[in-house]
Amino acid sequence: MPTTEPVVLTAESVTRFAEAVGLPDTGSIPPTYLISLTLPAADRLIDDPDFGLDWGRVLHREQRFAYHRDLRAGDAVTCTVTVESIKTVAGSDLLSLRTAVDDAEGLAAEVWTTLFVAGDPQ
């Protein structure tokens, strides 16, 4: 998938995220903050009719984060989503996505998302 346009991590967005998940606002990027960027980055895939994902059958199954260096408010980042695998299990699919989060220095973090896509109930 194409890389997103750069997004600046603002102090306001970090504060709002921390408050929403019940963390104190320390000025640091909360560990799960990147989901607010990586999930929208996958919208192009999710909304692609050729890919055929029925969002009504999707259940978020797992999320993993790997930070290669600290990100701070003011940093501009881009996201590149890659489909790592699609596995069919008992008529349902497990979709694994990897999103690379890059800043001016290169790869800053990686986020893995696993989605369970229920099979056709016919």
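Everything quoted here is computed from the prediction, not taken from an experiment.
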Going from [atom1] on [X] to [atom2] on [Y], what distance comes out if it is rounded to the nearest 0.5 angstrom?
X	Y	atom1	atom2	result
Thr113	Gln63	OG1	CD	3.5 Å
Arg16	Asp25	CZ	CG	11.5 Å
Asp70	Ile29	CG	CD1	9.5 Å
Arg57	Leu115	CZ	CG	15.0 Å
Trp112	Leu97	CH2	CG	12.5 Å
Leu94	Ile86	CG	CD1	10.5 Å

ask   = Are Ile35 and Phe17 side-chain neighbours, meaning at least one heavy-atom pair lies under 4.5 Å?
value = yes

query = Should Leu71 and Asp103 count as side-chain neighbours, where that means a heavy-atom distance under 4.5 Å?
reply = yes

What are the two closest heavy atoms between [X] and [Y], and how far apart are they?
X	Y	value
Leu34	Phe65	CB-CE2, 4.2 Å
Ser96	Thr114	OG-OG1, 3.9 Å
Pro30	Ala18	CG-CB, 4.1 Å
Ala76	Pro6	CB-CB, 4.5 Å

If we ignore hydrogens and angles and just use 3.5 Å, is the side chain of [X] paired with the main-chain N or O of [Y] as donor and acceptor?
X	Y	result
Thr26	Ser28	yes
Thr10	Ser13	yes
Thr38	Thr99	no
Thr15	Ala11	yes
Arg69	Leu107	yes
Tyr67	Pro31	yes
Asp102	Glu105	no

Are [X] and [Y] connected in the hydrophobic side-chain network, where two residues link if heavy atoms are under 4.5 Å apart?
X	Y	result
Leu59	Val89	yes
Leu39	Tyr33	yes
Val21	Leu37	yes
Val77	Val81	no

message = What verdict does the side chain to side chain contact (heavy atoms under 4.5 Å, CB included) test give for Glu110 and His68, after you've listed the backbone C-alpha separation in whole Å, the side-chain angles of each residue and the deciding distance to 0.1 Å?
response = CA-CA 8 Å; Glu110 295 171 278; His68 302 293; 2.7 Å; yes

task = Please step through side chain to side chain contact (heavy atoms under 4.5 Å, CB included) for the pair Val83 and Leu95, ending with a clear verdict.
result = CA-CA 7 Å; Val83 176; Leu95 173 62; 3.8 Å; yes

task = For Thr80 and Thr3, test the side chains for any donor-to-acceptor distance below 3.5 angstrom and give the result as yes or no.
result = yes

